[in-house]
J.: 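Can you read through this structure? Questions will come right after.
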Amino acid sequence: MTAGDLLQVRDLKKHFSIGSSLLKSRRQTVHAVDGISFDLAPGETLGLVGESGCGKSTVGRLLVRLIEPTEGSVRFDRREMRTLAGHDLRAVRKQCQFIFQDPYGSLDPRMRIWDIVTEPIVIEGTMTRPQRRTRSIELLEKVGLSAAAADRYPHEFSGGQRQRIGIARALALNPRLIICDEPVSALDVSIQAQVINLMADLKKELQLSYLFISHNLAVVRHIADRVAVMYLGKIVELAPKSELYHRPQHPYTRALLSAVPVPEPDQPTEPMELHGDIPSPINPPAGCRFHTRCPFAFDRCRSEEPILRESRAGHQVACHLDAG
Amino acid sequence: MTAMTEAATPMSSLLKVRDLRTELGKSDNPLTVVDGISFDIGSNERLAVVGESGSGKTMTALSILRLLPDAARISAGEVNFNGQDLLALSRSRMRRMSGGDIAMIFQEPMSSLNPVFTVGDQIGEAITLHQGLRGRAARARAIELLALVKVPSPERRIDQYPHELSGGMRQRVMIAIALSSQPKLLIADEPTTALDVTVQAQILQLLKQLQQEFGMAILLITHDLGVVAQFAQRMIVMYAGKIVEDAPVSEAFRRPMHPYTEGLLRSIPPLYEDVDRLLAIDGSVPPPTAMPSGCRFRTRCDYARPPCAAQIPPLKLFGEGHRAACIRHDDYEVRRT
């Protein structure tokens, strides 16, 4: 960790126990997040990509202890999250806010916009009602909405506008880190571009750090400084974005990139063939978790788990292939 | 019926839609969700219908199949399939047609499959209905169909329930059911939107291959221009219930004639290039209750000028099979001559 890092995550794990049903009396464990490590600098955006079930959303929730980690360490501004409680924990959480995917489900339909946006301040109890009102208008204007929005209700807004409201609420307590979980996935492409541009502007203006969780590789490339690729609870590759997109090293990253349908009719994509489906995180494969689908797998991949190591400056990859 | 004469007709049309209008809600104060659209699909063509939510693309598909929800109805127009007027067919004839010569697959395969029946039961039902096969013969055919859609070990999968399959496998099962009637037209409404990108690539590849093998037509509804570029031969762009552009895909991507198409193409973040800013389209689609006069896109359009408010621009031909509804090009033609 360099002295200036905002977030330091080490060997973070989350195992969920799933229940004994009538027929299966044995308890099973889902290895949702299984030992991941990364750092995040102030003002930096880390993209976290992967397919459904890879654990990327769980990572976001673990960082602020919305769910408790099974193991591992999360340090925010050099303070170990695990040891914090009560007032101290709240003080740290204040600096980490969330933006969610579903702009419809994440706003209370019975609250006025200005109450929604300043609800975090109410909980803090630091402002009077008129102060809150002023602050709400400031926040709405910051995200490109007019002051007239303040007294309206969520149903009066389109998806893109609702996502702006969600962003305004996330900004209410002047956070340093925003965890964005698929923030533009539910939006149409023209609106998606508006929201991404807004997020990029806010990041610059407010020196924010983002953990940007998404399955959309093109969107992540646009907003992130570095990108981490997850597969079955593990980070398999982490690199500065242009490195990752132009010199992907892990076969899974290459497969993901090759499968993206590029909007160029005369440039047919040639998706790399993967074997079968993603295995269950209940019994992840031994050795490299990707070996069951990897076209390049050899004996070592089936028995020995590759560790994430630096293959060139700033570019980490967990694969036996180029390890020699 | 001016639009009819302007329709860019492919060599042999399997489906002809003319001035189709679909309304929603009370008949004395209806919302028009599909507003007088005309287009054709060739008998061996992959056509994509593109648009954002609320553009009317799904309503168009449901109108063709006469599967509209109760609150909606077709108020005008013609849908001609293979020489037959679908809107004039009796309910029972139409029921045989949809799921027969015209089949449809949806975005969410889990909600289209019945969770309490095995995969084999559900494919078998379709086979019995369309091919009259029963018992062992139906089962054998179902296994064949599963193999055709590349479900691994179909003999085993046939006895599994939908929840035992991954999303991609379920969509393959839906495709198998759709193919059981050997349709001439497959309507696919966002078939890969709920799937991961690696699985999406496989399903699109499969659909393309089946389309070529069986010589069917596919009408693909999508919001993803990457999918359009990789899959379709021709695309129709819809905005607020109207077709604003209809062109061969490579032509539309290279030379979009409607500002909305242009805007959509510009808002896609590039995968292998750094750009400073994405070029978004300002504002959002107006609700059907508050449509602007004239061109419906003018409130979001960079090129809008006063004449755009005066009348709804008709679709005009701009070249071989390329139609667009924008008056800004009138000036260009004048300037050129």
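Here is the naming used below: chain letters follow the sequence lines, and residue numbers restart at 1 for every chain.
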J.: How long is the straight-line distance from NE2 of A/His215 back to CG of B/Leu195, given to the nearest 0.5 Å?
T.: 10.5 Å

J.: Using non-hydrogen atoms and a 4.5 Å limit, figure out which bit of A/Asp201 sits close to chain B: side chain, backbone, both or neither.
T.: side chain

J.: Provide the full list of side-chain hydrogen bond (donor to acceptor under 3.5 Å, both in side chains) pairs with a residue in residues 270-282 of chain A, sequence neighbours left out, each pair given once.
T.: A/Asp277-B/Ser166

J.: If contact means a heavy atom pair closer than 4.5 Å, which residues of residues 220-230 of chain A contact chain B?
T.: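 Against chain B, the residues of residues 220-230 of chain A that fall inside the cut-off (heavy atoms, under 4.5 Å) are A/Arg221, A/His222.
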
J.: Mind ranking B/Asp274, B/Asp224, B/Leu279 by heavy-atom pairs under 4.5 Å with chain A and telling me who comes out on top?
T.: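 Highest number of heavy-atom pairs under 4.5 Å: B/Asp274.
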
J.: Consider only side-chain N and O atoms of A/Glu51 and B/Thr198, and report whether a donor and an acceptor are under 3.5 Å apart.
T.: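 Side-chain D/A pair, A/Glu51 to B/Thr198: present.
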
J.: Over all heavy atoms of both residues, which pair between A/Asn197 and B/Arg277 is shortest? Give the atoms and the distance, please.
T.: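 Scanning both residues, the minimum pair turns out to be CB-NH2, 3.4 Å.
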
J.: Using a 3.5 Å cut-off and no angle test, enumerate the donor-acceptor pairs between side-chain atoms of residues 260-273 of chain B and protein atoms at least two apart in sequence or in another chain.
T.:
from     : atom 1 : to       : atom 2 : distance (Å)
B/Tyr260 : OH     : B/Glu52  : OE1    : 2.8
B/Thr261 : OG1    : B/Glu245 : OE1    : 2.8
B/Glu262 : OE1    : B/Tyr303 : OH     : 3.3
B/Glu262 : OE2    : B/Tyr303 : OH     : 2.7
B/Ser267 : OG     : B/Gly263 : O      : 2.6
B/Ser267 : OG     : B/Leu264 : O      : 3.3

J.: With a 4.5 angstrom heavy-atom cut-off, is it the side chain or the backbone of A/Pro268 that approaches chain B, or both, or neither?
T.: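 For A/Pro268, heavy atoms of backbone and side chain both lie under 4.5 Å from chain B.
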
J.: Where does A/Ile196 contact chain B at under 4.5 Å (heavy atoms): side chain, backbone, both or neither?
T.: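 Just the side chain, heavy atoms under 4.5 Å.
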
J.: Only pairs of heavy atoms separated by less than 4.5 Å count here; which of A/Asp188, A/Val195, A/Asn216, A/Val189 has the most with chain B?
T.: A/Asp188

J.: For A/Ser52, is it the side chain, the backbone, both, or neither that has a heavy atom closer than 4.5 Å to a heavy atom of chain B?
T.: both

J.: Taking B/Gly54, B/Ala229, B/Gly51 one by one, which has the highest count of heavy-atom pairs under 4.5 Å against chain A?
T.: B/Ala229

J.: Would you say that more than 12 heavy atoms from the other residues, nucleotides or ligands in this model lie under 6.0 Å from the CD of A/Gln207, or not?
T.: no

J.: Considering only heavy atoms from C-beta outward, does the side chain of B/Arg300 approach that of A/Ser190 to under 4.5 Å?
T.: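 In contact.
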
J.: For the candidates A/Ile191, A/Thr269, A/Val219, A/Ile278, which exhibits the highest count of non-hydrogen atom pairs separated by less than 4.5 Å from chain B?
T.: A/Thr269

J.: Sub-4.5 Å heavy-atom contacts with chain B: which residues of residues 244-267 of chain A show up?
T.: A/Tyr245, A/His246, A/Ala255, A/Leu256, A/Leu257, A/Ala259, A/Val260, A/Pro261, A/Val262, A/Pro263, A/Glu264, A/Pro265, A/Asp266, A/Gln267

